[in-house]
Amino acid sequence: MAQEPAPIMAPATFQQRLLHWFDQYGRHDLPWQQPRTAYRVWVSEIMLQQTQVATVIGYFDHFMARFPSLEVLAKADQDEVLHLWTGLGYYARARNLHRAARIVVAQHDGEMPLESVEALTALPGIGRSTAGAIIAQSTGRRAVILDGNVKRSLSRLHAVEGWPGKPAVERRLWALADHYTPQRRVADYTQAMMDFGATLCRRSQPECGRCPFQQECLAYARHETHRFPVSKPKKALPVRQTLMLVLQDARGRIWLEQRPPAGLWGGLWSLPQFEEESQLWEWLAQHTTNPSLGSAEPMFTHTFSHFRLEITPRPAECDTLNEVREGGVWYDLERPPELGLAAPVKALLERQLPFSLNPLPGHA
DNA sequence: AAGACGGGGCG
DNA sequence: CGCCCAGTCTT
């Protein structure tokens with residue numbers, strides 16, 4: 001953990017090789033590179049924050065056609081700004097951009113405050129890396145960036161241990177980024193680092209065979225390019241438990257109920273669920289005729305993005321329901337209706353169902 | 001189906 | 001410092 005990877009080469013060597021690579025393989029005709037004004041670079045950097053170049057280009061062109069200058073943007077309605085952002089995601093970026101444009105007009109006489117990283121980061125939506133990119137790209141003054149591409153490249157070259165989201169790791173990466181940043185050709189260097197990470201030292205299947213730093217790269221030497229940057233520790237997912245009633249009628253059909261329209265499995269069809277054994281019993285007693293309950297089947301899990309669901313199937317039988325119930329259906333496995341099923345329910349019905357085709361104990 | 005991505009905000 | 005959030009795209 002407490003590891004301080006020293007730079008693997010002198011800045012001049014790194015810059016020379018990177019810029020040589022950039023001259024041949026870099027991207028030199030991106031829309032925001034011509035003309036390369038602070039406003040255009042700013043808008044492009046905000047759009048690029050969570051979005052790839054290929055996606056951004058179309059949005060950038062439309063945005064510039066409608067809001068060709070900072071003043072026009074500042075005067076626009078937020079609704080219109082958001083409209084042109086539709087599909088890009090992370091709409092707070094658009095709101096911040098719009099708000100910042102108004103601040104620049106009101107407080108900086110309509111000129112982007114390019115004098116320092118601090119002045120830029122004071123604007124909403126502009127962090128340290130974005131500020132560095134704007135200054136380097138639009139003024140050519142030396143400024144350091146550390147976006148995802150740079151983090152990935154530097155993590156690999158130096159085999160930096162620890163997830164870059166950790167402040168200590170991020171500090172180390174900033175130090176490395178600063179170490180390699182040149183005094184001259186900074187705009188090209190900045191673009192080169194982003195292009196290098198995006199096209200050669202990419203997340204999966206990096207092209208190490210064509211890398212100008214293959215000789216020095218510590219991750220490559222260890223055959224561990226896949227391990228860097230170290231990925232975010234996945235938090236232990238909260239666990240919830242549920243009982244799923246697999247109720248068959250006299251004809252062997254399964255009772256399904258439709259979930260509420262919004263939320264988890266919204267609108268899908270699922271088995272009746274219960275937290276407690278007693279609730280399941282109560283449901284059977286209240287709604288079914290001549291019920292009998294089988295023993296619990298082995299629990300299995302279904303993992304969502306934000307929690308893990310432990311499902312215990314409870315097979316049961318009944319003659320019929322003792323009332324007509326809205327939002328439910330007897331599901332005939334022989335001729336399955338075309339319903340949207342929750343994934344684990346589908347798995348249960350397809351794979352695990354044979355268990356409950358056996359006669360249940362206690363039911364003649 | 002899961003992970004990546006930059007910045008902001010909170011305790 | 002640690003943690004959460006927001007949307008789309010990629011793998």
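Values in this document were obtained by computation on a predicted structure and should not be read as measured data. Quick note on labels: first sequence line is chain A, next is B, and so on, each numbered from 1.
Relative to the side chain of A:Gln52, the nucleotides C:dT10, C:dT11, C:dG2 differ in distance, and C:dT10 lies closest.
Backbone-only engagement by A:Gly87 is indicated by non-hydrogen atom pairs under 4.0 Å involving sugar-phosphate atoms exclusively.
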For nucleotides 4-11 of chain B, 5' to 3', base contacts (B), sugar-phosphate-only contacts (S) and non-contacts (-) with protein non-hydrogen atoms under 4.0 Å give SBBSS---
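Among residues two or more places apart in sequence or in another chain, the side chain to side chain contact (heavy atoms under 4.5 Å, CB included) test is passed with A:Ser231 by none.
With respect to the salt-bridge test (charged N to carboxylate O, under 4.0 angstrom), the residues A:Arg128 and A:Glu170 do not qualify.
Mapping A:Ala168 and A:Tyr91 onto DNA chain C via the closest heavy atom, the residue that lands nearer the 5' end is A:Ala168. Each of A:Pro167 and A:Gly89 lies near DNA chain C, and the nucleotide nearest A:Pro167 is the one positioned closer to the 5' end.
Summarising the geometry, the separation between NZ on A:Lys166 and C1' on C:dC3 is reported as 12 Å, rounded to the nearest angstrom. C:dT10 atom C1' lies 13 Å from atom CZ of A:Arg202, rounded to whole Å.
A gap of 16 Å separates the P atoms of B:dG6 and C:dT11, to the nearest Å.
If you check the side chains of A:Arg93 and A:Asn96, you find no donor sitting under 3.5 Å from an acceptor.
Legend: side-chain hydrogen bond (donor to acceptor under 3.5 Å, both in side chains) pairs involving residues 137-148 of chain A, not counting sequence neighbours, sorted by first then second residue: A:Arg142-A:Asp178, A:Asp147-A:Asn149.
Here A:Phe196 and A:Tyr25 keep their ring centres 6.0 angstrom or further from each other.
Using cut-offs of 30° and 60° for the angle between ring planes, the A:His28 and A:Phe22 rings count as tilted.
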